[in-house]
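Just below is one structure, and these are the notes that go with it.
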Amino acid sequence: MTAETLFASLQLSVPELILAAGAMVLLMIGVFSNERSSTPTVTGLAVALLIIAGLWLVLKTGEGEAYGGAFLSDPFAKFMKVLALIGSITAMVMTVGHARSTQIDRFEFPVLLVLATLGMLLMISANDLISLYLSLELQSLALYVVAAINRDSVRSTEAGLKYFVLGALSSGMLLYGMSLVYGFTGHTGFDEIAAALTAEGRSLGLVFGLAFILAGLAFKISAVPFHMWTPDVYEGAPTPVTAFFAAAPKVAAMSILVRIVINAFEPVVADWQQIVVFISIASMLLGAFAAIGQRNIKRLMAYSSIGHMGYALVGLAAGSMAGVRGVILYMLIYMIMTLGTFACILAMRRKEGEHVENIDDLAGLSQTNPFMATALTILMFSLAGIPPLAGFFAKYFVFVAAIEAHLYALAIIGVLASVVGAYYYLRVIKVMWFDEAKGEFARTAGELRLVFGLSGLFVLGYVLIGGPLGSAAEVAARTFF
């Protein structure tokens, strides 16, 4: 690599370099100052760091390949990186008032979130199996620690351990699949793999490798049958951590899943399409039926997340530009709905300071906190896919793409799963508006009111702003076609 190509590569990866260098500086600030007093400072600087990286990405970063083709900057990468950064910034802001009460007021917490976000950005731009694995592990290792960061809580420690053990299993499957693909194609670059498959055709060993890679990535988006960790980790981890898990990492994992199947394995579309269809159907059905009996709202959101990843995969299964556009818009809308809902969950705190998580604790919320009840109602209706809210359009785009690809059974199962899933969202609304109030929550923090207020406004007004967002998503999707 010459000095010119290295300089060009560095220019394309400035946002990632900002986060990497910034995380080291934040670590030093935390280490050399008082741990408790440095936490708000480090958190504020971490948010500023993410905002600077986002602005540089939007305003300054060009397009092209870097580091010998291992790193890619294109419209799809830019769009998904902006989404991941928005998710990370929002989740970090939501923790500000709750760090002490949830026992996560340590300076390491924002530093780990910055490192996890760095892993996400690298993963979204990965154009090589090796760069994909390294970025995935950078993100995962930070998340394992964050899940168990409340060392005084048995639930949090258990959540971190379960996530680590199952994550190690998924990493092993991913690596095994990568080694098979490398063995049968002789390449690790996505473009080179696609060229080898076009020239030589598929083999049974390569299909096995593809299946293992998809299994490893399905774990990261908590798709069935690799969803086992999700309900326990969502429930056990501190709520601000769960809010982070539910948003940005899902965007990054879905992005690399899109890139690897549409780019590297495009010549064997018939093989990966069958796997994606199976995972999609299983996720939609499990997400719809398993959530019905849940009483803990964080577990409910875990099963909701599994179901929504199934709906997003409907668009990917189509394997078309309309399908990828649908996936992009779905992840955008899903992330905003989820962040808004978790802002409401974080606001579920009694005046005595106790955090509550049961759905029944929302009883009579419409009388005690009408603004929060209205925002959560809008978000629940949207998660259920009720028109004309944003969640309806998200599902509409992926189902239309599936129908255009003649995947009629997949679209029908998706619609039926949506009908079943609507029950548990409507139950939350019923508890808020028709049950007797059990008590009043403490005054909601300003940053939480801002997050769920803006989320509700976005969901309600999507019909007015959907055009420009759809156009931007189409530009991003055109990257592959």
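Side chains included, hydrogens not; waters and symmetry mates left out as well; all remaining heavy atoms used.
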* Taking only residues two or more places apart in sequence, or in another chain, which ones meet Glu404 in a salt bridge (charged side-chain N to carboxylate O under 4.0 Å, His left out)? -> none
* Using the salt bridge (Lys or Arg N to Asp or Glu O under 4.0 Å) rule, collect all pairs that involve residues 261-282, keeping only residues at least two apart or in two chains. => Arg202-Asp271
* **Heavy-atom neighbours of Phe441 CZ exceed 12 at 6.0 Å** => yes
* To do: For residues 237-283, pull every pair meeting ring-ring contact (aromatic ring centres under 6.0 Å, His included), keeping only residues two or more places apart or in separate chains.
  => Tyr163-Phe245
* Structure fact -> Sorted by chain and number, sequence neighbours left out, salt bridge (charged side-chain N to carboxylate O under 4.0 Å, His left out) with Arg295 holds for none
* Pi-cation contact, Phe397 with Arg325 (under 6.0 Å, within 45°) -> yes
* **Pairing residues for Ser455 by the side chain to side chain contact (heavy atoms under 4.5 Å, CB included) criterion, not counting sequence neighbours** => Ile336, Leu379, Val451
* To do: For side chain to side chain contact (heavy atoms under 4.5 Å, CB included), just list the numbers for Thr338 and Phe342, CA-CA rounded to whole Å, side-chain angles, deciding distance to a tenth of an Å, and then say yes or no.
  => CA-CA 6 Å; Thr338 302; Phe342 272 101; 3.6 Å; yes
* To do: Report, as yes or no, whether the 6.0 Å neighbourhood of atom CD1 on Ile130 holds more than 12 heavy atoms from other residues, nucleotides or ligands.
  => no
* Consider only side-chain N and O atoms of Thr5 and Tyr67, and report whether a donor and an acceptor are under 3.5 Å apart. => no
* Glu65 vs Asp191 side-chain heavy atoms within contact, under 4.5 Å -> yes
* **Asn127/Leu132 under side chain to side chain contact (heavy atoms under 4.5 Å, CB included): CA gap, chis, key distance, verdict** => CA-CA 7 Å; Asn127 194 38; Leu132 159 61; over 6 Å; no
* Asked: Parallel, tilted or perpendicular: which describes the rings of Tyr425 and His308, with under 30° parallel and over 60° perpendicular?
  -> tilted
Can you list, pair by pair, the side-chain donor-acceptor contacts under 3.5 Å of residues 380-390, counting residues two or more places apart and other chains?
from, atom 1, to, atom 2, distance (Å)
Ser382, OG, Gly391, N, 2.9

* If you measure from the Lys or Arg side-chain nitrogens to the Asp or Glu carboxylate oxygens, is any gap between Glu235 and Lys298 under 4.0 Å? -> no
* Is there side-chain contact between Met178 and Thr188, with at least one heavy-atom pair below 4.5 Å? -> no
* Flag side-chain contact, heavy atom, 4.5 Å: Ile345 against Glu357 -> no
* To do: With sequence neighbours excluded, give me every salt bridge (Lys or Arg N to Asp or Glu O under 4.0 Å) pair touching residues 384-398.
  => none
* Asked: Side chains of Pro249 and Lys220: does their closest heavy-atom pair fall under 4.5 Å?
  -> no
* Side chain proximity check, Leu166 to Val233, heavy atoms < 4.5 angstrom -> no
Please tabulate, for the side chains in residues 468-476, all donor-acceptor contacts under 3.5 angstrom to protein atoms that are two or more places apart in sequence or on a different chain.
from, atom 1, to, atom 2, distance (Å)
Ser471, OG, Gly467, O, 3.1
Glu474, OE2, Arg478, NH2, 3.2

* Answer yes or no: is there a side-chain heavy-atom contact under 4.5 Å between Leu134 and Leu122? => no
* If every non-hydrogen atom of Thr117 is compared with every non-hydrogen atom of Leu113, which pair is closest and at what distance? -> OG1-O, 2.7 Å
* Does a donor on one side chain and an acceptor on the other come within less than 3.5 Å for Thr377 and Trp433? -> yes
* Going through the checks in order, is the side chain to side chain contact (heavy atoms under 4.5 Å, CB included) test met by Leu214 and Leu257? -> CA-CA 8 Å; Leu214 292 181; Leu257 193 55; 3.6 Å; yes
* **Pairwise salt bridge (Lys or Arg N to Asp or Glu O under 4.0 Å) hits with a residue in residues 71-90, at least two apart** => Glu16-Lys81, Asp74-Arg259
* **Residue pairs involving residues 451-481 (criterion ring-ring contact (aromatic ring centres under 6.0 Å, His included); sequence neighbours excluded)** => Phe76-Phe480, Phe371-Phe452, Phe393-Tyr462, Phe458-Tyr462
* Would you please name every residue forming a side chain to side chain contact (heavy atoms under 4.5 Å, CB included) with Ala194, sequence neighbours left out? => Pro267
* Structure fact -> In terms of heavy-atom contacts, Tyr234 and Ala246 come closest through OH-CA, 3.3 Å
* To do: Determine the minimum heavy-atom distance between Gln273 and Leu407, stating which atoms define it.
  => NE2-CD1, 4.2 Å
* Ser13 side chain reached by Phe71 side chain, heavy atoms, under 4.5 Å -> yes
* Could you pull out all residues at least two apart from Tyr408 that satisfy ring-ring contact (aromatic ring centres under 6.0 Å, His included)? => His406
* Tyr311 versus Met284: any side-chain heavy-atom pair under 4.5 Å? -> yes
